[in-house]
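Before I ask anything, let me first share the structure, which is written out below as structure tokens.
Chain identifiers are assigned alphabetically (A, B, ...) following the order of the sequence lines, protein sequences preceding nucleic acid strands; residue numbering begins at 1 within each chain.
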Protein chains: 2
Amino acid sequence: MNRVTAPRPQLPDGRSTRWNKHREERRLELLRAVRHVVHEEGPEVSMDTIAQQTGTSKTVFYRYFGDRNGLQDAVGEWAMSVIARKLADAYRAPGTEEDTAESGTGPATTAEPSRERLRAMIRAYAELGARSPAVYAFAARSDVVGPHQLRPGSFYEGVAELLLGAVDLDGLDPAGQRQWAAGAMGFVRGCMDEWLAGRDAAGGGTRGEHEARQLADRIAGWLWRTRNVTEEAHGPEEHR
Amino acid sequence: MNRVTAPRPQLPDGRSTRWNKHREERRLELLRAVRHVVHEEGPEVSMDTIAQQTGTSKTVFYRYFGDRNGLQDAVGEWAMSVIARKLADAYRAPGTEEDTAESGTGPATTAEPSRERLRAMIRAYAELGARSPAVYAFAARSDVVGPHQLRPGSFYEGVAELLLGAVDLDGLDPAGQRQWAAGAMGFVRGCMDEWLAGRDAAGGGTRGEHEARQLADRIAGWLWRTRNVTEEAHGPEEHR
DNA sequence: TCACGATACTGACAGTATCATGTACTGTCA
DNA sequence: TGACAGTACATGATACTGTCAGTATCGTGA
């Protein structure tokens with residue numbers, strides 16, 4: 001309908017607008033560079049070091065990201081986009097993952113797309129962490145504390161939201177759904193951190209990625225069991 | 001015969017040892033004061049403010065705790081001790097919790113002490129967070145990052161270890177047990193953070209504690225389901 | 001008119017060094 | 001036995017260093 005630009009009183013100055021696409025490109029470029037630097041230097045790099053290693057100056061980063069937290073959040077959004085992409089794949093092809101290897105045994109009902117998506121997400125998450133612990137830590141580490149509480153970093157919140165959308169949690173009130181998502185996110189986080197902390201002696205690289213996958217599947221299995229029963233329905237016949 | 005004090009080359013100098021008990025008392029006193037200040041000022045108080053509000057000077061804290069992290073860890077250990085105490089109660093009296101209300105009905109085997117302990121721990125944890133989010137955040141927030149990875153703070157590690165001891169996880173390899181504990185800890189953490197972040201409008205205080213209890217029970221229920229099946233044994237009879 | 005890059009600055013904060021003070025203990029000498 | 005000098009340690013205060021996030025300013029260039 002209204003594709004007119006009329007309601008905008010001052011028409012955009014070409015001297016201003018010409019930067020718009022450039023800005024976007026530049027931003028991505030910076031982000032890429034930051035990821036590289038963080039990967040090399042660890043998640044605690046100072047802004048000065050980032051600027052220096054990038055070959056540019058600190059002001060640029062502050063102009064583009066406002067804040068150190070803004071930068072971390074930006075990297076976090078990138079990470080989320082990676083996860084979201086894999087998730088989208090899982091939406092598209094419910095049981096086509098290459099390595100399931102047990103798909104032949106059970107009945108067709110085992111395919112459970114929701115479960116498949118949960119697993120895909122956690123796999124993506126774990127691969128991310130395995131590939132570059134530093135970048136993962138950098139992105140995840142924007143745990144700004146408010147005046148009194150400790151807010152989860154926006155990365156975690158974002159992933160939790162993805163989770164909320166991906167796994168179907170019918171039979172749970174909305175608050176419960178949010179809690180479950182946050183908890184599941186925390187579970188994954190906890191496992192990842194423990195796993196990352198525990199592999200100093202072990203060689204990283206490809207072998208790490210395989211292990212990450214196993215870890216992810218295990219986590220997904222655990223979390224899946226969590227879900228799918230309504231609430232207090234486990235009843236007395238649980239044992240034998 | 002030999003009432004000589006000879007065997008001790010240098011007998012402990014009273015001028016040194018006389019401080020030992022004083023130091024301990026003082027440490028506890030400082031810790032108490034810190035908890036109070038943190039409760040008032042939030043988890044991000046500067047060391048200067050802590051010293052000032054405590055009526056003493058910064059150097060004292062550095063002498064006693066070495067580090068800001070040391071201080072946070074100390075508060076964390078205090079918090080852990082609170083949890084551990086409740087856990088010990090649960091060990092002692094398996095089904096004697098005041099509100100279970102179903103203890104009379106079933107056979108003794110329904111009491112599942114492991115599950116009871118899990119619940120007791122999570123309740124203690126949640127109560128802690130509900131009572132003073134700031135102190136909780138302060139204690140939990142000692143997330144030192146190593147050179148590259150992000151280690152979970154020692155508070156979380158400690159609670160995970162408690163969890164590992166409290167819940168029986170037979171049928172899981174040791175690595176898996178550690179992962180599960182870390183994950184469960186993370187689950188609780190995630191839920192707590194979400195819950196704390198989401199109650200700005202809601203009044204705190206006693207009502208908060210009741211809600212905290214409900215939350216804890218819910219979490220315990222979820223986590224319990226996670227456990228107790230060996231690995232891939234969830235099988236077909238899961239439903240009805 | 002806007003982005004860019006550089007330099008230099010501010011302010012906050014963790015952590016340290018130093019000093020003067022107080023006090024219970026120890027060994028020695030009267 | 002008691003007084004006294006000296007010791008070992010905690011205390012609190014002040015002032016310092018170093019690091020780092022964030023800002024202000026300037027000249028350049030399209």
List in chain and number order the residues that pass side chain to side chain contact (heavy atoms under 4.5 Å, CB included) with B/T54, two or more places apart in sequence or in another chain; answer none if no residue qualifies.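 Testing B/T54 for side chain to side chain contact (heavy atoms under 4.5 Å, CB included), a comparison that skips the adjacent residues, returns B/A33, B/V37, B/I50, B/T56, B/F61.
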- Message: So does A/C191 get a backbone contact from the side chain of B/Q179, meaning a donor-acceptor N/O pair under 3.5 Å?
- Response: no
Roughly, in whole Å, what's the span from OH in A/Y62 to C1' in C/dT7?
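Rounded to the whole Å, the gap is 15 Å.
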**Study point:** Sequence-distant partners of A/R178, salt bridge (charged side-chain N to carboxylate O under 4.0 Å, His left out), two or more places apart
**Key:**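 Residues passing salt bridge (charged side-chain N to carboxylate O under 4.0 Å, His left out) with A/R178: B/E194.
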Rounded to whole Å, CG of A/D48 lies from C1' of C/dG5 at a distance of 14 Å
Exercise. Is the shortest side-chain N/O distance from A/Y64 to OP1 or OP2 of C/dA3 below 4.0 Å?
Worked result: no
- [ ] Mark yes or no for whether A/R119, through its side chain, and A/A220, through its backbone, hold a donor-acceptor pair below 3.5 Å.
- [x] no
Heavy atoms of other groups near A/E127 CD, more than 12 under 6.0 Å =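 Yes.
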Can a donor-acceptor pair be found between the side chains of A/R218 and A/Q214 at a distance below 3.5 Å?
-> no
Here the distance between atom P of D/dA21 and atom CZ of A/R68, to the nearest Å, is 5 Å
When the distance from CD1 of A/I50 to P of C/dA6 is rounded to whole Å, what number comes out?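 It works out to 16 Å between those atoms.
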Check: Ignoring hydrogens and geometry, is there a side-chain-to-backbone donor-acceptor pair from A/E41 to A/T49 under 3.5 Å?
Finding: no
Between NZ of B/K21 and P of D/dA10 the distance, given in whole Å, is 13 Å
Pick out the pairs of N or O atoms, protein on one side and nucleotides 12-15 of chain D on the other, that lie under 3.5 Å.
residue	atom	partner	partner atom	Å
D/dG12	OP2	B/R26	NH2	2.8
D/dG12	OP2	B/T56	OG1	3.1
D/dG12	N7	B/R63	NH2	3.1
D/dA13	N7	B/S57	OG	3.4

*CG of B/N69 versus P of C/dC13: gap in Å, rounded?*
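Result: 17 Å.
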Check your understanding: To the nearest Å, how far apart are A/E25 CD and C/dC4 C1'?
Key ->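 About 16 Å, once rounded to whole Å.
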Dot-bracket for DNA chain C, 5' to 3', Watson-Crick and G-U pairs with both distances under 3.5 Å, [ ] for crossing pairs, | for partner on another strand, reads ||||||||||||||||||||||||||||||
- Item | Value in whole Å for how far the P atom of C/dA14 lies from CD of B/E44 |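 Answer to the nearest Å: 10 Å.
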Handout entry: Partner residues of A/R26 under the salt bridge (charged side-chain N to carboxylate O under 4.0 Å, His left out) criterion, sequence neighbours left out
Key =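 Checked A/R26 against salt bridge (charged side-chain N to carboxylate O under 4.0 Å, His left out); matches are A/E29.
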Tell me, please, which residues at least two apart from B/D67 pass side chain to side chain contact (heavy atoms under 4.5 Å, CB included).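 Listed in chain order: B/N69.
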